[in-house]
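A quick write-up on the structure given underneath.
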Amino acid sequence: GGDTLTIELVRTRDVLAVSSAGMLVRRDVWDRLEGFDPALPLFRDDLDFCWRAHRMGERVMVATDAVIHHREASAHGRRADDIAPRPHRADREAAVHVLLAHATALAAPFVALRLLLGSLMRSSVYLLGKDVNAARDEVGAVLALALHPSKVRSSRELVARTATEPASVVRHLRPTAGAQLRHGLEAVTGVLTTSGAT
């Protein structure tokens with residue numbers, strides 16, 4: 001018999017961001033983007049990096065057949081020297097940080113207001129579920145940055161140095177309003193169900 005030729009197809013698709021745990025980046029892109037933002041030491045650094053890549057005209061793709069295993073030690077507080085003793089608060093603050101860093105100067109106050117209103121709604125759900133700490137973290141994370149915009153200044157400068165496209169270049173890759181609403185309703189249902197079971 002003749003030789004057998006095996007061809008493996010790796011399916012890819014464009015996405016908003018990929019996890020830093022399995023991220024492959026061309027060295028020239030890494031250098032031009034100046035790596036991860038030092039102002040995001042633990043959470044959402046990958047989201048910011050990928051968003052900046054989009055804004056520099058690059059593509060961000062996921063290999064849908066790839067498999068990785070990630071312990072998420074920081075998020076679950078399993079690191080002895082964990083720099084985020086309150087991972088929920090740190091993650092929410094980082095998420096707000098990224099959104100404000102990519103907002104235009106004109107839009108930033110409105111983005112901050114929208115984030116605050118959203119956090120107030122989520123904190124109400126947490127209070128219904130009797131999770132006071134999570135409720136406090138939700139609001140505190142937004143206020144920490146909305147009331148102190150100087151904390152985001154270096155990140156905004158980094159975005160400005162590398163961006164050739166507006167923040168809206170990723171609009172088609174972000175969840176739709178309907179998807180976000182469904183996710184919110186699922187979260188509310190989850191909290192209320194957990195609360196009722198205790």
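The first residue in the sequence is number 1, and the count goes up from there. Worth saying up front: this structure is predicted, and the values here are computed from it rather than measured.
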(message) Quick check on M121: does its CE atom have over 12 non-hydrogen neighbours (other residues, nucleotides or ligands) under 6.0 Å away?
(response) no

(message) Testing the basics here: between S119 and V139, what is the closest heavy-atom pair and its distance to 0.1 Å?
(response) O-CG2, 4.2 Å

(request) For residues 132-158, pull every pair meeting salt bridge (Lys or Arg N to Asp or Glu O under 4.0 Å), keeping only residues two or more places apart or in separate chains. (result) R86-D137, R92-E138, R122-E138

(message) The criterion is salt bridge (Lys or Arg N to Asp or Glu O under 4.0 Å); which residues satisfy it with R171, sequence neighbours excluded?
(response) none

(request) State yes or no: do V142 and V132 share one hydrophobic cluster built from I, L, V, M, F, W and Y residues joined by side-chain heavy-atom distances below 4.5 Å, directly or via other members? (result) no

(message) Restricting to non-hydrogen atoms, name the atom on A112 and the atom on A146 that form the minimum distance, rounded to 0.1 Å.
(response) CB-CB, 4.0 Å

(request) Mind running ring pair (Phe, Tyr, Trp, His ring centres under 6.0 Å) on H88 and Y126 for me, showing each step along the way? (result) CA-CA 12 Å; H88 179 259; Y126 282 120; 5.6 Å; yes

(request) Determine, using the 4.5 Å side-chain heavy-atom cutoff (strictly less than), whether V159 and L145 are members of one ILVMFWY cluster. (result) no

(message) If I compare all heavy atoms of A94 with all of R44, which pair ends up nearest, and what's the gap?
(response) CB-CG, 3.6 Å

(request) Please collect all side-chain hydrogen bond (donor to acceptor under 3.5 Å, both in side chains) contacts where either partner lies in residues 158-169, sequence neighbours excluded, each pair once. (result) E34-R161

(message) According to side chain to side chain donor-acceptor pair (under 3.5 Å), who are the partners of D131, at least two apart in sequence or on a separate chain?
(response) none

(request) Mind checking side chain to side chain donor-acceptor pair (under 3.5 Å) for R26 and listing every partner two or more places apart, or none if nothing turns up? (result) D28

(message) Quick one, E58 and C50 - any side-chain contact, counting heavy atoms below 4.5 Å?
(response) no

(request) Give a yes or no on whether L42 and L47 share a hydrophobic cluster (residues Ile, Leu, Val, Met, Phe, Trp, Tyr; joining criterion: side-chain heavy atoms under 4.5 Å apart). (result) no

(message) Quick check for you: to the nearest 0.5 Å, what is the distance between L143 atom CG and L115 atom CG?
(response) 11.0 Å

(message) My understanding is that only residues two or more places apart in sequence, or in another chain, count here; which of them pass salt bridge (Lys or Arg N to Asp or Glu O under 4.0 Å) with R27?
(response) D31

(message) Could you work out, with salt bridge (Lys or Arg N to Asp or Glu O under 4.0 Å) as the rule, every residue matching D46, not counting sequence neighbours?
(response) none

(request) Not counting sequence neighbours, which residues clear side chain to side chain donor-acceptor pair (under 3.5 Å) with S123? List them please. (result) none

(request) Could you list the residues that satisfy side chain to side chain contact (heavy atoms under 4.5 Å, CB included) with D37, not counting sequence neighbours? (result) A39, L40, D48, R52, H97, S155, L158

(message) Counting only heavy atoms from other residues, nucleotides and ligands, does the tally under 6.0 Å from CG of L24 exceed 12?
(response) no

(message) Tell me every residue that passes side chain to side chain contact (heavy atoms under 4.5 Å, CB included) with M61, counting only those two or more places apart in sequence or in another chain.
(response) T12, D14, R59

(message) Determine whether V15 and L173 satisfy the following criterion, side chain to side chain contact (heavy atoms under 4.5 Å, CB included), listing intermediate values before the conclusion.
(response) CA-CA 6 Å; V15 293; L173 297 171; 5.6 Å; no

(message) Once ring pair (Phe, Tyr, Trp, His ring centres under 6.0 Å) is applied, what residue pairs with a partner in residues 45-65 remain, sequence neighbours excluded?
(response) W30-F49, F36-F49, W51-H102

(request) Indicate, with yes or no, if L16 and M56 share a hydrophobic cluster defined by side-chain heavy-atom contacts under 4.5 Å among Ile, Leu, Val, Met, Phe, Trp and Tyr. (result) no

(message) Which residues pass the salt bridge (Lys or Arg N to Asp or Glu O under 4.0 Å) test with E93, not counting sequence neighbours?
(response) R89

(request) Grab the two heavy atoms, one from V60 and one from A53, that are nearest each other, plus how far apart they are. (result) CG2-CB, 4.1 Å

(message) Is there a path of hydrophobic side-chain contacts, each under 4.5 Å between heavy atoms, that joins L117 and V125?
(response) no

